[in-house]
Engineer: 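Pasting a structure here, questions to come.
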There are 2 protein chains.
Amino acid sequence: MVTMLEVTDISAGVCCAPLVREPLGASDAEILAHKIKALSDPTRLRLLSIVAASEDQEACVCDLTEPVGLSQPTVSHHLKILTEAGYLTRTRRGSWAYFRLQPEALELITQFLSLPART
Amino acid sequence: MVTMLEVTDISAGVCCAPLVREPLGASDAEILAHKIKALSDPTRLRLLSIVAASEDQEACVCDLTEPVGLSQPTVSHHLKILTEAGYLTRTRRGSWAYFRLQPEALELITQFLSLPART
DNA sequence: GCTCGCTATCGATAGATGTCAATATCGACT
DNA sequence: AGTCGATATTGACATCTATCGATAGCGAGC
C-alpha cells in the first residue's frame with residue numbers, strides 16, 4: 001500500500017496541483033477517491049462541521065445524534081468512516097467518546113485539488 | 001433549490017472556512033455532498049486529471065477510454081456526472097465531444113473545505 | 001459484582017452505484 | 001438518402017451504502 005499519495009511532494013512544495021500536473025495513476029486515484037468518498041455524504045459533512053464549530057473542535061456522539069436527527073448507531077457509523085479516513089480522531093474520556101477535527105486531512109485534500117493560477 | 005451554497009459569501013471573502021464557521025444546514029450539506037460525490041470515484045478522478053493535463057485542458061471520449069481501461073459507455077457515464085456537477089464542460093466539434101476543465105468548480109470545493117490558519 | 005448509561009457492532013433491508021452489452025442518436029461524407 | 005464512426009442512452013446485474021432495531025461491550029458508581 002502506497003505511503004500516502006504524493007504527500008511528500010505536497011509538503012515539499014514541489015508544485016501546487018497534483019491533479020493537473022500529470023494523469024493520476026490507478027492506485028493513487030483509488031486512495032484519493034477513498035478519502036474524498038468519506039466527505040461525499042451530507043450527514044458526514046454536517047457531523048464534521050458541527051465538530052469543527054464546537055468548543056475545542058471536539059464533540060461526543062451524544063452531542064451529534066440530535067442535530068443530525070439520525071439514530072445513534074448511524075451516527076457512530078459515520079463517525080467511524082470519518083475517523084478511518086483521518087478527518088477525526090477519537091479519544092475516550094469516561095463513558096464518552098470524543099471526536100476531534102484533524103485539520104491536516106482536510107488540508108491534504110484541498111491541496112490536492114487546488115489548481116495553479118490561471119493565465 | 002438554494003442558489004449555490006454560500007458562493008456569495010466566499011466570493012465576498014466573508015471568511016475562509018464555511019465548514020468551520022457554523023454547522024452546515026441540511027440542504028447546503030446535500031448540495032455540497034452531491035458535488036463532492038462526483039469526485040469520489042477513482043475513475044472520475046483519473047478522467048479529470050487526464051483532461052486537466054491535456055493540451056488546452058480538453059479531451060474527447062476517444063482519448064479517454066483507453067487510458068482508464070473501461071468501456072466507452074462507462075466513460076461517457078462518468079463524464080456526464082462530472083459535467084453535471086460542473087467540473088467539465090462539453091462541446092461538440094464534428095463527431096467528437098470535447099470535455100474541458102471548469103476550474104471554478106474545483107476552486108469552490110477547495111475554498112469550502114479550507115480551514116482557517118491554526119494558532 | 002451489578003446495574004446503568006454511552007458507544008460500538010451485528011443483521012437486515014431498501015436504495016444507490018459502477019459496469020457492460022446492446023442499441024439509439026448524431027454528424028460527416030459520399 | 002445511406003453509410004460509417006463517435007458518442008449517448010437503455011437495461012440488466014452485482015456490489016456497495018445508509019439506515020434502523022437489537023444487542024454487545026465498556027466505564028463509572030453504587
Side-chain angles (χ1 to χ4, degrees), chain A residues 24 26-51 54 58-85 87-100, chain B residues 24 26-51 54 58-85 87-100:
Chain A
L24 213 51
S27 61
D28 280 356
E30 202 95 32
I31 299 174
L32 183 56
H34 183 76
K35 293 184 83 67
I36 295 179
K37 188 168 293 185
L39 296 178
S40 72
D41 178 90
T43 299
R44 289 198 285 273
L45 285 177
R46 297 185 71 195
L47 290 172
L48 213 55
S49 105
I50 294 172
V51 170
S54 296
E58 84 173 4
C60 66
V61 181
C62 56
D63 295 327
L64 298 170
T65 53
E66 186 272 336
V68 299
L70 294 173
S71 71
Q72 174 267 316
T74 301
V75 172
S76 272
H77 166 69
H78 286 305
L79 290 172
K80 183 177 186 179
I81 290 177
L82 286 170
T83 302
E84 286 178 343
Y87 299 107
L88 296 176
T89 57
R90 194 190 96 118
T91 61
R92 263 199 110 107
R93 284 206 298 278
S95 304
W96 292 269
Y98 285 89
F99 292 86
R100 183 184 293 264
Chain B
L24 213 52
S27 61
D28 280 356
E30 203 95 31
I31 298 173
L32 182 57
H34 182 77
K35 292 184 85 69
I36 294 179
K37 189 168 293 185
L39 297 177
S40 72
D41 178 89
T43 299
R44 288 198 287 272
L45 284 177
R46 297 185 72 195
L47 290 172
L48 213 55
S49 106
I50 294 172
V51 170
S54 296
E58 83 174 4
C60 66
V61 181
C62 56
D63 296 327
L64 297 169
T65 54
E66 186 271 335
V68 298
L70 294 174
S71 71
Q72 174 266 318
T74 300
V75 172
S76 272
H77 166 69
H78 286 305
L79 290 172
K80 183 176 186 180
I81 290 177
L82 286 171
T83 302
E84 287 178 342
Y87 299 107
L88 296 176
T89 58
R90 194 190 96 118
T91 61
R92 262 198 112 106
R93 284 207 298 279
S95 304
W96 295 268
Y98 286 90
F99 291 86
R100 183 183 292 265

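Just so it is clear, the values below take in all heavy atoms, side chains as well, and ignore hydrogens, waters and symmetry mates. Chain identifiers are assigned alphabetically (A, B, ...) following the order of the sequence lines, protein sequences preceding nucleic acid strands; residue numbering begins at 1 within each chain.
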Engineer: Over all heavy atoms of both residues, which pair between B/C60 and B/W96 is shortest? Give the atoms and the distance, please.
Structural biologist: SG-CD1, 3.9 Å

Engineer: Categorize B/R44 for me: base, sugar-phosphate, or nothing, with a 4.0 angstrom heavy-atom threshold over every strand shown.
Structural biologist: sugar-phosphate

Engineer: Assign each of B/L79 and A/I81 to its nearest nucleotide of DNA chain D by heavy atoms, then name whichever residue's nucleotide is nearer the 5' end.
Structural biologist: B/L79

Engineer: Identify, between B/L70 and A/S76, the residue whose nearest nucleotide on DNA chain C lies closer to the 5' end.
Structural biologist: A/S76

Engineer: Could you tell me if the side chain of B/F99 sits less than 4.5 Å from the side chain of B/V61, heavy atoms only?
Structural biologist: yes

Engineer: For the pair made of NE2 in B/H77 and C1' in C/dA16, what is the distance, rounded to whole Å?
Structural biologist: 11 Å

Engineer: For the pair made of NE2 in A/H34 and C1' in D/dC16, what is the distance, rounded to whole Å?
Structural biologist: 13 Å

Engineer: For A/L39 and D/dA18, what is the distance between atoms CG and P respectively, to the nearest whole Å?
Structural biologist: 12 Å

Engineer: Of all the nucleotides listed (D/dA8, D/dG27, C/dT7), which has the minimum atom distance to the side chain of B/A97?
Structural biologist: D/dA8

Engineer: Starting at CZ of A/R93 and ending at C1' of D/dC26, how long is that distance when rounded to a whole Å?
Structural biologist: 17 Å

Engineer: So, does B/K80 get its side chain near the phosphate of D/dT9, meaning an N or O under 4.0 Å from OP1 or OP2?
Structural biologist: yes

Engineer: Any side-chain N or O of A/T43 below 4.0 angstrom from OP1/OP2 of D/dT19?
Structural biologist: yes

Engineer: Can you identify which nucleotide, out of C/dC20, D/dC20, C/dT7, has its nearest atom closest to the A/T74 side chain?
Structural biologist: D/dC20

Engineer: Between A/S76 and A/Q72, does the side chain to side chain donor-acceptor pair (under 3.5 Å) criterion hold? Intermediate values first, please.
Structural biologist: CA-CA 6 Å; A/S76 272; A/Q72 174 267 316; 3.3 Å; yes

Engineer: Reckon B/H78 touches a base, only the sugar-phosphate, or nothing at all at heavy-atom distances under 4.0 Å?
Structural biologist: sugar-phosphate

Engineer: Where the side chain of B/S95 is concerned, which of C/dC20, D/dG5, D/dC20 is the nearest nucleotide?
Structural biologist: D/dG5

Engineer: Kindly point out which of D/dT19, C/dA28, C/dA8 is positioned nearest to the side chain of A/R90?
Structural biologist: C/dA8

Engineer: Tell me which nucleotide among D/dG21, D/dT9, C/dG18 gets nearest to the side chain of A/P73.
Structural biologist: D/dG21

Engineer: Can you confirm whether A/L39 sits close enough to A/L48 that some side-chain heavy atom of one is under 4.5 Å from a side-chain heavy atom of the other?
Structural biologist: yes

Engineer: Would you say that A/I50 contacts A/V68 through its side chain, given a criterion of any heavy-atom pair below 4.5 Å between the two side chains?
Structural biologist: yes

Engineer: Can you tell me the distance, in whole Å, between the CG atom of A/L82 and the P atom of D/dA18?
Structural biologist: 10 Å

Engineer: Any N or O donor-acceptor pair linking the side chain of B/Q72 to the base of D/dA6 at under 3.5 Å?
Structural biologist: no

Engineer: Round to a whole Å and report the spacing from CH2 of A/W96 to C1' of D/dG25.
Structural biologist: 16 Å

Engineer: Report which part of the nucleic acid B/F99 touches: base, sugar-phosphate, or nothing (heavy-atom distance under 4.0 Å, all strands).
Structural biologist: sugar-phosphate

Engineer: Is there side-chain contact between B/V51 and B/L47, with at least one heavy-atom pair below 4.5 Å?
Structural biologist: no

Engineer: Would you mind reading off the distance between B/K37 atom NZ and D/dA18 atom C1', rounded to a whole angstrom?
Structural biologist: 9 Å

Engineer: Given atom CG of B/L64 and atom P of D/dA8, what is their separation to the nearest angstrom?
Structural biologist: 11 Å

Engineer: Give the nucleotide from the list C/dA8, D/dT9, C/dT7 with an atom nearest to the side chain of A/C62.
Structural biologist: C/dT7

